[in-house]
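The structure appears below as structure tokens.
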Amino acid sequence: MAKEITTRGDNYSQWYLDLVNKADLAENSAVRGCMVIKPYGYAIWEKMQAQLDKMFKETGHVNAYFPLFIPKSFFSREAAHVEGFAKECAVVTHYRLKNDPDGKGVVVDPEAKLEEELIIRPTSETIIWNTYRNWIQSHRDLPILINQWANVVRWEMRTRLFLRTAEFLWQEGHTAHATREEAVEETLKIINLYADFAEKFMGIPVIKGIKSENERFAGAVETYCIEGLMQDGKALQCGTSHFLGQNFAKAFDVMFSNREGVLEHVWATSWGVSTRLMGALVMAHSDDNGLVLPPNLAPIQVVIVPIYKNKEELDRVSAVADQIIPQLKARGISVKYDDNDNKKPGWKFAEYELKGVPVRLAMGPRDLEKGTVEVARRDTLTKEVLPVEGIDEVIEKLLADIQENIFRKATAFRDENIRKADTWEEFKTLLTEKGGFISAHWDGTPETEARIKEETKATIRCIPLDAEPEEGLCIYSGQPSAQRVLFAIAY
RNA sequence: CGGGGUGUGGCGCAGUUGGUAGCGCGCGUCGUUCGGGACGACGAGGCCGCUGGUUCAAGUCCAGUCACCCCGACCA
């Protein structure tokens with residue numbers, strides 16, 4: 001029977017979990033808070049990785065790899081950084097097990113206690129800056145533009161597949177520069193790169209902005225972010241790029257001699273996106289029938305389902321498919337011909353819809369007679385019958401159209417869900433009745449932000465980069481404010 | 001860390017006043033089907049989360065324990 005999916009209207013978070021499970025993206029593992037990313041889900045992540053990796057390299061970055069373990073003492077070097085991460089660190093204290101003297105399996109060998117405990121990286125700034133110290137002496141060693149693809153661990157109390165897991169995959173860029181200007185430029189370059197990626201590849205419109213002090217990365221001078229809006233009206237931080245100033249250079253004593261031979265501290269940035277983007281992808285586009293994947297990230301862009309009564313009919317359909325498939329592949333389109341005889345066409349239709357395959361072609365005896373094929377698109381759930389002749393070109397255009405349509409739809413939704421509030425009452429009403437982003441004046445103090453969060457659960461998602469200056473009064477305190485910021489309930 | 005819930009074939013579940021475990025899906029074989037999740041016949045598959053207790057007898061009652069999920073507080 002059908003794989004039942006909870007509808008978005010019934011229970012949005014259950015709908016999300018159903019999709020992740022039933023579309024074979026990921027499942028919970030035997031380890032609390034950690035997920036198993038299944039092949040179909042991982043294939044999407046690999047597409048994200050490939051594209052981002054290409055974009056990083058095009059902007060002059062190179063990949064490297066730093067260790068999973070970080071000596072505990074490194075962590076205490078940068079005060080704000082420790083404070084931010086200390087509460088959620090996994091710690092390695094021993095390096096050996098031994099047979100349980102009582103004969104029940106194995107126990108930690110108390111003899112094997114580490115001199116210095118190791119932290120499992122929640123992020124790698126400390127180990128990296130400790131390493132950069134040895135790499136940097138002169139301005140000629142700069143800039144260093146390194147990215148690493150890695151896993152990190154943050155011991156979260158409450159987890160959700162992809163959106164927040166104890167272990168997750170990500171990339172983290174760590175760059176070192178001779179000047180403040182250059183580091184700031186790098187920070188901005190990356191946030192723009194992330195926004196491009198989110199919009200052009202994931203089809204998710206994002207708002208670029210700066211984090212308030214409360215939301216800033218622990219150890220950063222300034223945190224830039226891209227914020228997306230999910231279909232339930234909650235915001236999701238999709239990526240961050242940090243200007244770290246000289247904080248880590250000072251903590252790890254990383255200095256270079258400039259052109260005048262004077263020693264200066266190095267300027268730094270760090271930036272990352274994670275498997276959380278998988279969650280964003282699901283929640284931004286999908287519907288009650290299953291996933292809706294943008295063609296640019298779909299592991300299978302086109303599926304061909306043959307319809308036949310017997311071997312002879314299948315052979316005839318396959319002969320036509322054999323003509324179409326190479327034409328599609330020649331255009332760089334990934335295609336799957338599903339001639340699995342164990343499943344009926346109807347079953348396959350439902351299954352590929354659940355998995356978000358952008359385009360489905362169905363071909364049967366009726367098509368053979370007329371030289372046609374049925375083309376169904378996932379985003380609109382519409383079908384039309386078209387000539388096989390020239391279908392490759394049609395599909396190439398169709399995929400581009402689907403990519404664009406998905407983005408347009410998400411953009412319209414996002415734009416409809418940014419609302420201005422000018423009074424506290426209006427703010428609260430909009431938040432509970434509509435959700436989405438609320439654009440409002442704020443006095444700029446962490447105290448006010450904290451109070452608003454306490455009373456409404458909404459946080460400042462960002463101060464948009466493109467915000468127009470506008471005199472106003474803080475929605476909460478009534479103090480003067482120079483521009484609006486975006487509030488939302490966030491994941 | 002609080003509050004709630006669930007542990008029974010691969011998955012989803014039922015199992016009444018205790019009496020020796022069943023249904024759907026899936027799986028295997030065969031046949032008929034095949035343009036929106038097909039049908040029939042036969043078949044395989046279970047230490048009822050774990051430990052202890054009560055009892056002639058425990059999936060069921062009692063105590064303990066572990067795990068996971070959902071909802072909050074903290075966070076990308």
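Proteins get letters first, then strands, A, B, ... in listed order; numbering begins at 1 in each.
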Problem set entry | Distance, nearest 0.5 Å, that separates CZ of A:F162 from CH2 of A:W45 | 9.5 Å

Problem set entry | Partner nucleotide, any strand, of B:C68 [Watson-Crick/G-U, under 3.5 Å] | B:G5

For this session: Would you please indicate if the ring centroids of A:W271 and A:H61 are separated by under 6.0 Å?
Result: yes

Problem set entry | Salt bridge A:R316-A:E312, side-chain N to carboxylate O under 4.0 Å | yes

Exercise. Over how many whole Å does the gap from A:L281 atom CG to B:A76 atom C1' extend?
Worked result: 17 Å

For this session: Pick the P atom in B:U20 and in B:G43, then give their distance to the nearest Å.
Result: 23 Å

Exercise. Mind checking the C1' distance from B:A58 to B:U17? Whole angstroms is fine.
Worked result: 14 Å

Seminar exercise, completed: Any strand, both distances under 3.5 Å, Watson-Crick or G-U wobble: B:U16 pairs with none

Problem set entry | Euclidean distance, atom OH of residue A:Y352 to atom C1' of B:G35 [Å, nearest integer] | 17 Å

Exercise. In whole Å, what separates the C1' atom of B:G19 from that of B:A57?
Worked result: 7 Å

Exercise. Mind checking the P distance from B:C56 to B:C42? Whole angstroms is fine.
Worked result: 43 Å

For this session: Would you mind reading off the distance between A:K344 atom NZ and B:G36 atom C1', rounded to a whole angstrom?
Result: 13 Å

For this session: Answer with base, sugar-phosphate or nothing: what part of the nucleic acid does A:T372 contact at a heavy-atom distance below 4.0 Å?
Result: nothing

Exercise. Which whole number of Å gives the distance between the P atom of B:U6 and that of B:G49?
Worked result: 13 Å

For this session: Please work out which of the three classes, parallel, tilted or perpendicular, describes the rings of A:W170 and A:F168, given edges at 30° and 60°.
Result: perpendicular

Exercise. Per the salt bridge (Lys or Arg N to Asp or Glu O under 4.0 Å) rule, which among A:R360, A:K22, A:K383, A:K348 passes with A:E353?
Worked result: A:R360

For this session: Quick one: label A:Q237 by what it contacts on the DNA or RNA (base, sugar-phosphate, nothing), any heavy atom closer than 4.0 Å.
Result: sugar-phosphate

Problem set entry | Proximity to RNA chain B (any heavy atom under 4.0 Å), residues of residues 200-214 of chain A only | none

For this session: Report the C-alpha distance between A:R377 and A:E384 in whole Å, list the side-chain angles of each, state the deciding distance to 0.1 Å, and finish with yes or no for salt bridge (charged side-chain N to carboxylate O under 4.0 Å, His left out).
Result: CA-CA 9 Å; A:R377 55 188 283 179; A:E384 56 183 331; over 6 Å; no

Between the protein and nucleotides 66-72 of chain B, list the N/O to N/O atom pairs that are separated by less than 3.5 angstrom.
unit_1, atom_1, unit_2, atom_2, d
B:C68, OP1, A:R32, N, 3.2
B:C69, OP1, A:N28, OD1, 3.3
B:C71, OP1, A:S13, OG, 3.2
B:C71, OP2, A:R158, NH2, 2.1
B:C71, O5', A:R158, NH2, 3.4
B:G72, OP2, A:R158, NH1, 3.1

For this session: Could you tell me whether a side-chain N or O of A:S29 sits under 3.5 Å from a main-chain N or O of A:V36, the two making a donor and an acceptor?
Result: no

Exercise. Which nucleotide in the set B:G35, B:G36, B:A76 lies at the smallest distance from any side-chain heavy atom of A:A350?
Worked result: B:G36

Exercise. Expressed in angstrom and rounded to an integer, what is the separation of A:R316 atom CZ from B:C34 atom P?
Worked result: 15 Å

Exercise. Aromatic rings A:F197 and A:F201: how do their planes relate, parallel, tilted or perpendicular, breaks at 30° and 60°?
Worked result: parallel

Exercise. When the distance from CD of A:E156 to C1' of B:A76 is rounded to whole Å, what number comes out?
Worked result: 8 Å

Problem set entry | Atom C1', compared across B:C47 and B:A21: separation rounded to whole Å | 14 Å

Problem set entry | Nucleotide forming a Watson-Crick or wobble pair with B:A63, both distances under 3.5 Å | B:U51

Problem set entry | Separation of B:A76 C1' from A:F162 CZ (nearest whole Å) | 15 Å

For this session: Examine the base of B:G36 for any acceptor or donor lying under 3.5 Å from a partner atom in the side chain of A:K383, and report the outcome as yes or no.
Result: yes

Seminar exercise, completed: A:W347 CH2 to B:G37 C1', in whole Å, measures 8 Å

Exercise. Say you draw a straight line from CG of A:L163 to OH of A:Y16; how long is it, rounded to the nearest 0.5 Å?
Worked result: 3.5 Å

Problem set entry | Separation of B:U32 P from A:N310 CG (nearest whole Å) | 11 Å

Problem set entry | Stepwise side-chain contact (heavy atoms from CB on, under 4.5 Å) check, A:V92 with A:I120 | CA-CA 7 Å; A:V92 179; A:I120 298 181; 4.0 Å; yes

For this session: Could you check which nucleotide pairs with B:G40 in any of the strands shown, counting Watson-Crick or G-U wobble with both distances under 3.5 Å?
Result: B:C30

Exercise. To the side chain of A:P365, which of B:G36, B:G35, B:A76 is closest?
Worked result: B:G35

For this session: Provide the Watson-Crick or G-U wobble partner of B:G45, both distances under 3.5 Å; none if there is no partner.
Result: none

Exercise. Considering heavy-atom distances to RNA chain B, does A:W170 or A:M363 have its closest nucleotide positioned more toward the 5' end?
Worked result: A:M363

For this session: Determine the Euclidean distance between corresponding P atoms of B:G45 and B:G4; express it in Å to zero decimal places.
Result: 42 Å

Problem set entry | Touch class at under 4.0 angstrom, heavy-atom based, for A:E353 against every strand present | base

For this session: Please work out if A:F168 contacts a base, only the sugar-phosphate, or nothing of the nucleic acid, heavy-atom cut-off 4.0 Å.
Result: base

For this session: May I ask you to check whether A:F217 and A:Y224 place their ring centres under 6.0 Å from each other?
Result: no

Problem set entry | Identified pairing partner of B:A73, criterion: Watson-Crick or G-U wobble below 3.5 Å | none

Problem set entry | C1'-based separation of B:G35 from B:U29 [nearest Å] | 29 Å

Exercise. So A:F56 and A:Y194, would you call those rings parallel, tilted or perpendicular, with 30° and 60° as cut-offs?
Worked result: perpendicular

For this session: With heavy atoms under 4.0 Å as the rule, sort A:K343 into base, sugar-phosphate or nothing.
Result: sugar-phosphate

